[in-house]
Amino acid sequence: MTRLVVVSNRVASPTETKGSAGGLAVGVFGALKDSGGVWFGWSGDVVSDSVANQGPKLEQDGAVTFATVGLPKKDYDQYYRGFSNATLWPVFHYRNDLAVYDRDEYAGYRRVNSWLAHRAIKLLQPDDVIWVHDYHLIPFGEALRSEGVTNRMGFFLHIPFPSPQILLNIPPHEELVKSLCCYDVVGFQTPGDQAAFHDYIVRHAHGTATADGEVEAFGRKLKTGVYRIGIFPDEIAEQATRGEARQDVMDLKQSLEGRKLIMSVDRLDYSKGLVERFKAFEHFLEKSPEWRGNVTLVQIAPPTRSDVDTYQQIRHNLEYEAGRINGRYSGLDYTPIRYMNQRYDRWKLMSLFRESQIGLVTPLRDGMNLVAKEYVAAQNPDDPGVLVLSQFAGAADEMKGALMVNPHDIVGMSEAIGRALSMPLAERRERYETNMVMLRKYDLGVWRDSFLADLRGVKLDKQQSKRPANNK
Ligand code: ADQ
């Protein structure tokens, strides 16, 4: 089998990959171990220009080389904090209202992608298959092509691809789509994301796109596909049962004093719908006095991107809401919302999922949402909890056993909480089984293997390897 080169914005270290890392890192590392190869990307460190230019730093772990570079402050600001997370992330999550566009940041984004591609070239061998991940690295493949790299190259988008009317808000939208067309395979989480990309190709790039994903645009041919990222359900179930008898999980159980538990776990991000969720829980307590004192919402939300302005705002809003609602409904021995900002070991999170009666997963928009899948896999099959899921998470496409909600509908979410809390065991089991069938059908191995099979199956056409032409 030809070697695999994975490129992602952040590279987990060998120890992280084996220990606390979640789904993606585990899945990608598995593929790298099978075929041997390189995992290339940013180390997460901000360094001086001269240190950055000494990279990549190499660490070997069996057949896998971890190759990382640091980023100078200006590059970090423009590429990561700026265009990736203050422009692409909000727009791709349908939040134009939160997006800012700055030409210099966009120039920095492209410059850093070219620089990263240049640093990666020395690690590449002629037959390597290159798999690039996520919105930070859209122009990475084009930059490699412009340096004469003709290898098979694929790109997977972990977040939603917005409909063209939304994408048009980003001034260089055409350059971004043209960059995507430099890959041989472009993968999306859901059919809706793939359709939005095709829609742009046909209506705004004067290209063609067939239902089975053959795309021609900007003088290039590529394949698009839907590859639903998943989890390894048995591994999650094992983690969930491993934690059951641990002291801190038993302590939490005891502190609940027989109350029902609702679990929510998200990165602290405005796309995750946390404020709306708190309001729905408040509405539930307001309308259901019999549940006051008898149900607790545990919200775990570790902060991310805390140096981006909009993230400081969401953190502030949430603290305010949690304080306000707790002020209204707390008793001497009862706190309705327990809101925590730490990261937790995976086994601990999974055991908390298993102890709870509801998994409340209500993002306003989400590429997939692995927490929804982890929640289901962690349940006790004899007495499973209920997944309450936003219709705008990619996972909603598969998890038909969930109670589906619109995260903008506070009353609807509050009703779903009430319904889930009193759902009979037979219905809970049936819904759990429905979800488990899909979790097994689309597990993490299927995601990884089907993407790589499509990428490895691409017929190389030397004419193709050039930079894209202008379609107009
Ligand atoms: P995220 O936005 O990070 O991922 P998600 O898919 O839910 O969202 O994955 C988060 C992961 O982090 C889960 O495995 C979860 O268990 C873990 N996690 C969250 N909080 C934690 C905590 N406090 N301690 C420890 N672990 C924690 C992006 C996209 C998603 C897409 C994924 C994968 O935004 O839509 O599903 O990539 O493609």
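Indexing begins at 1, ligand by ligand and atom by atom, following the structure's order.
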Numbering as shown, the atoms of ligand 1 that approach Val371 to under 4.0 Å (heavy-atom distance): 7 (O), 15 (C)
Who's closest to atom 30 (C) of ligand 1 heavy-atom-wise, of Asp366, Asp345, Asp266? Asp366
If we count only N and O atoms by modelled type, under 3.5 Å, do the side chains of Thr310 and Arg95 hold a donor and an acceptor together? no
Do Asp383 and Arg428 sit within salt-bridge range, that is, some charged N less than 4.0 Å from a carboxylate O? yes
Per-atom contacts of ligand 1 with Arg346, taking only distances under 4.0 Å to non-hydrogen atoms: 14 (O), 16 (O)
Return the option from His158, Arg267, Lys272 holding the heavy atom at the smallest distance from atom 8 (O) of ligand 1. Lys272
Below 3.5 Å, N or O to N or O, backbone or side chain included: is there any such pair between Leu349 and ligand 1? no
Any N or O of Asn369 that comes nearer than 3.5 Å to an N or O of ligand 1? yes
Looking only at N/O atoms, are His93 and ligand 1 under 3.5 Å apart anywhere? no
So for ligand 1, is Phe156 a polar contact partner (N or O within less than 3.5 Å, distance only)? no
Taking atom types as modelled, find out whether Asn369 and Tyr375 have a side-chain donor-acceptor pair closer than 3.5 angstrom. no
Salt bridge or not for Arg228 and Asp193, using N-O below 4.0 Å? no
Could you tell me which atoms of ligand 1, counted from 1 in the order shown, lie closer than 4.0 angstrom to a heavy atom of Gly367? 35 (O)
Could you tell me whether Arg277 and Glu321 make a salt bridge, using a distance below 4.0 angstrom between a side-chain N and a carboxylate O? no
Using only heavy-atom distances, determine whether the side chains of Thr296 and Arg259 contain a donor-acceptor pair under 3.5 Å. no
Just jot down the ligand 1 atoms closer than 4.0 angstrom to any heavy atom of Arg343, in number order. 22 (C), 23 (N), 24 (N), 25 (C), 26 (N), 27 (C)
Does this structure show an ion pair linking Glu142 with Lys178, if we count only N-O contacts that are shorter than 4.0 Å? no
Please work out which of Ile300, Ile159, Asp134, Val265 has its closest non-hydrogen atom nearest to atom 19 (C) of ligand 1. Val265
Compute the minimum heavy-atom distance from Met340 to ligand 1 and say whether it is under 4.0 Å. no
Ionic contact status for Glu433 with Arg429, cut-off 4.0 Å: no
Numbered atoms of ligand 1 (with element) below 4.0 Å of Trp89, judged on heavy atoms: 34 (O)
At less than 4.0 angstrom from any non-hydrogen atom of Gln189, what atoms of ligand 1 do you find? 31 (C), 38 (O)
Against Tyr106, only a single residue in Arg111, Gln78, Glu175 fulfils side-chain hydrogen bond (donor to acceptor under 3.5 Å, both in side chains); can you say which? Glu175
Is it true that, when you exclude Lys348 itself, more than 12 heavy atoms of the residues, nucleotides or ligands shown sit nearer than 6.0 Å to its NZ? yes
Does Tyr375 come within less than 4.0 Å of ligand 1, judged by its heavy atoms? no
